[in-house]
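So the structure is just underneath, and the comments pick up after that.
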Amino acid sequence: MQRESMEFDVVIVGAGPAGLAAACRLMQEADAASLTISVCVVEKGAEVGAHILSGALLDIRALAELFPDWQARGAPVHTAVGDDRVYMLTSETGGIELPSALVPAPMHNRGNYIISLGNLCRWLAIQAEQLGVAIFPGFAARSPLYDDQGAVCGILTGDLGLAADGSPKSNHVPGMELRARYTLFAEGSRGHIGKELISRFELDQGRDPQHYGLGIKELWQLAPERHRPGLVIHGSGWPLKEARGGFFMYHGDDNQVAVGLIVDLDYTNPWLSPFEECQRLKQHPLLARHLEGGKRLAFGARAITKGGLNSLPRLTMPGALLLGCDAGTLDGARIKGIHAAMKSGMLAADTLVRTLAAGDSDARTLIDFDTAFKDSWLHQELKQSRNFVPALHKFGPWLGGAFNYLNHNWLGGKLPFTLHDRTPDHATLAPAARCRKIDYPRPDGHLSFDRLSSVYLANTGHDEDQPCHLVLADPALPLRDNLPRFAEPAQRYCPAGVYEIVTTDGEPRFQINAANCVHCKACDIKDPAQNIRWTPPEGGSGPNYPNM
């Protein structure tokens, strides 16, 4: 097929904090070096921010480095953390507040801000365009391009206007080749191209398996008398009796509050439903007293890459770099990844400008980036936090929390040994027959809700007549293996009701409701046989989050 092509010095995949920070820094540093370069950012969402979902608490360190005058520029960063609380819930009505002095130091949030990451990315996109960056929303990067030497040399965008059977419709537009001297991949957690690159270039050799959580978030509008701007609540314990994770509630701007639950995807009970656990969480008096009488505005879900430094793959490969949550730069101890993603993008930009200014087109491995990364405050932060998540995995919330308190509050994260978790998340499920079946309460329509009404609030949309983007390596496996052994857990770990077992004339059938997908990637991560592969649907498809 004949395809159009465009050439750039740098192509960036993903208009999240890593990709946009890289784009802005590239233009800033190129201008300082009197270097003219061309940079484009490709974003699969219908607009910048449409697919962005985060808690979100922002450490402004990277933002202040990128734009020291961020306040004068009107960055949507307004509500500073004023009241910072941590709880351990012991039952559906009980719990204790942990004294601040006993909370591990990285979890303290004074000096941080409660934001909408989607709105911050929209603002960063404006800054990037003013600096001369071309941003193409609504175009999904389908696959990387490789040159004759095997180096990455750009990307191929997905076709538009394909029918469900793969045939071209009347509005068919073939994907374009966006060729680049260097390509930066900043797709977010479990990026489909990042996964290919890690495998092709063996970037994870010698590393622990990557670990993930599934974050489920809702945005609520509260009555003014219930709103406490700057209040941050974190906690763990109930309702997660059979999984690790924690909850959050952030009182941000405009009488709005973000509430959600993060469930580690290494849980063992296949009957567990992260979505249902989140709905049950909101019934606890600690959270219910804030939400009562409020209105739910938005819903979303997204995987979180949380393995930390132990699981971080090599970030360099010939012609390309892997950035932000596509690689796993989130600091699990701080439950923060925005500043880390931005810093990784800025370090990449600095490396590329030096390379481009030197005119060294053969410097395809970009090894200078490895040195810059290891010399940065980002690497130091990740190194100090390297034991935090493995300690919780090994010892649980109480003993693991005590270990992390001693490590960070007394030893500054400088223990002379490293804990490891070498079991991948998909390999942890136990047979359903050996596990307790969980009876979740029916939603009450006030604090708890069903999946379909929640998906409606994600504003997700897919043309029904397009190829299914959720690909089964073996279409028979869900019924043959997963159903009898694990009661087909995709029905429960998916927060959007994408996967169902439907019985017709007494025969079960595995049904994929791809139009419901909110692109969280839980299926790509947790399927026990790794049989489900998430691929990008037509550009512009998926959720359209307003300010998540």
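Because the structure is a prediction, the values reported are computed rather than measured.
Taking the side chain as every heavy atom from C-beta outward, Arg451 and Pro495 never approach each other to under 4.5 Å. Within the 4.5 Å cutoff, side-chain heavy atoms of Val77 are placed close to those of Leu63. In this structure, Phe185 and Leu321 have side chains that are not in contact, with every pair of non-hydrogen atoms separated by 4.5 Å or more. In this structure, Glu277 and Leu261 have side chains that are in contact, with non-hydrogen atoms separated by less than 4.5 Å. Within the 4.5 Å cutoff, the side chain of Asn310 has heavy atoms near those of the Pro390 side chain. Cys325 has its side chain out of reach of Glu187: every pair of non-hydrogen atoms, C-beta onward, lies at least 4.5 Å apart. Between Tyr267 and Tyr493 the shortest side-chain heavy-atom distance falls below 4.5 Å. Within the 4.5 Å cutoff, the side chain of Tyr212 has heavy atoms near those of the Arg190 side chain.
Judged purely by distance below 3.5 Å, without hydrogens or angles, the side chains of Lys414 and Asn407 never pair a donor atom with an acceptor atom. Between the side chains of Glu65 and Trp377, at least one donor-acceptor pair of N or O atoms lies under 3.5 Å. Between the side chains of His78 and Asp253, no donor N or O sits under 3.5 Å from an acceptor N or O. A donor-acceptor contact closer than 3.5 angstrom links the side chains of Asp264 and His393. Using a 3.5 Å distance cut-off with no hydrogens or angles, the side chains of Thr351 and Asp368 do not pair a donor with an acceptor. Inspection of the Arg296 and Ser454 side chains reveals an N or O donor paired with an N or O acceptor under 3.5 Å. For the 3.5 Å distance criterion, the side chains of Gln279 and Glu218 qualify, holding a donor opposite an acceptor. Using a 3.5 Å distance cut-off with no hydrogens or angles, the side chains of Gln256 and His227 do not pair a donor with an acceptor.
Taking the ring axis of Phe369 as reference, the NZ or CZ atom of Lys374 does not stay both within 45° of it and closer than 6.0 Å to the ring centre. The side-chain tip of Arg200 points at the ring of Tyr146 from less than 6.0 angstrom away and within 45° of straight on. Stacking of Arg314 on the aromatic ring of Phe201 is not recorded, the 6.0 Å distance cut-off and the 45° axial limit not both being met.
Asp425 has no carboxylate O lying under 4.0 Å from a charged side-chain N of Lys526, or vice versa, which leaves the two without a salt bridge. Using a cut-off of 4.0 Å between Lys/Arg side-chain N and Asp/Glu carboxylate O, Arg181 and Glu7 are scored as not salt-bridged. A salt bridge is defined here as a Lys NZ or Arg NE, NH1 or NH2 lying under 4.0 Å from an Asp or Glu carboxylate O, and Arg334 with Glu381 meets this definition.
Atom CG in Asp254 sits 7.5 Å away from atom CD in Gln221 (nearest 0.5 Å). With rounding to the nearest 0.5 angstrom, the CG atom of Leu53 is 10.5 Å from the CG atom of Asn547. The CH2 atom of Trp220 sits 10.5 Å away from the CG atom of Leu287 when rounded to the nearest 0.5 Å. Interatomic distance, Leu57 CG to Ile338 CD1, rounded to the nearest 0.5 Å: 8.0 Å. Interatomic distance, Ser311 OG to Lys306 NZ, rounded to the nearest 0.5 Å: 9.5 Å. Note that CD1 of Ile233 and CG of Asp84 are 10.0 Å apart. Values are rounded to the nearest 0.5 Å.
Judged by distance alone, with hydrogens and angles left aside, the side-chain atoms of His211 form a donor-acceptor pair with the main-chain N or O of Asp421 at under 3.5 Å. Checking side-chain atoms of Ser5 against main-chain N and O of Glu177 turns up no donor-acceptor pair under 3.5 Å. With Ser344 contributing its side chain and Gly324 its backbone, the two residues share a donor-acceptor pair below 3.5 Å. A side-chain donor-acceptor contact under 3.5 Å links Asn404 to the backbone of Gly400. Side-chain N or O atoms of Ser38 include one that pairs as donor or acceptor with a backbone N or O of Asp9 at under 3.5 Å. Between the Lys217 side chain and the Ser54 main chain, a donor and an acceptor come within less than 3.5 Å of each other. For Asn459 (side chain) and Asn544 (main-chain N/O), a donor-acceptor pair under 3.5 Å exists by modelled atom type. A donor-acceptor distance shorter than 3.5 angstrom exists from the side chain of Asn112 to the backbone of Asn109, with no hydrogens or angles considered.
Of all non-hydrogen atoms in Ala340 and Thr329, the two that sit nearest each other are CB-O, 3.2 Å. Considering all non-hydrogen atoms of both residues, Pro274 and Val263 come closest at CB-CG2, 3.9 Å. Taking both residues in full, the closest heavy atoms of Cys517 and His469 are given as SG-NE2, 3.4 Å, listed atom of the first, atom of the second, then distance. Pairing each heavy atom of Cys40 with each of Phe8, the nearest pair is CB-CE2, 3.6 Å. Counting all heavy atoms, side chain and backbone alike, Gln210 lies closest to Pro313 at NE2-CD, 4.5 Å. Smallest separation of non-hydrogen atoms from Met342 and Leu66: CE-CD2, 4.0 Å.
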Carefully, step by step, assess Arg386 and Thr418 under the rule side-chain hydrogen bond (donor to acceptor under 3.5 Å, both in side chains). CA-CA 7 Å; Arg386 70 191 184 281; Thr418 299; 2.8 Å; yes
Check the pair Asp350 / Arg25 against salt bridge (charged side-chain N to carboxylate O under 4.0 Å, His left out), numbers first and verdict last. CA-CA 7 Å; Asp350 292 345; Arg25 183 73 159 214; 2.8 Å; yes
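Ring-centre distance between Tyr250 and Tyr113: not below the 6.0 Å cut-off. Ring centroid separation for the pair His379 and Phe373 comes in under the 6.0 Å cut-off. The distance between the ring centers of His519 and His462 falls below 6.0 angstrom.
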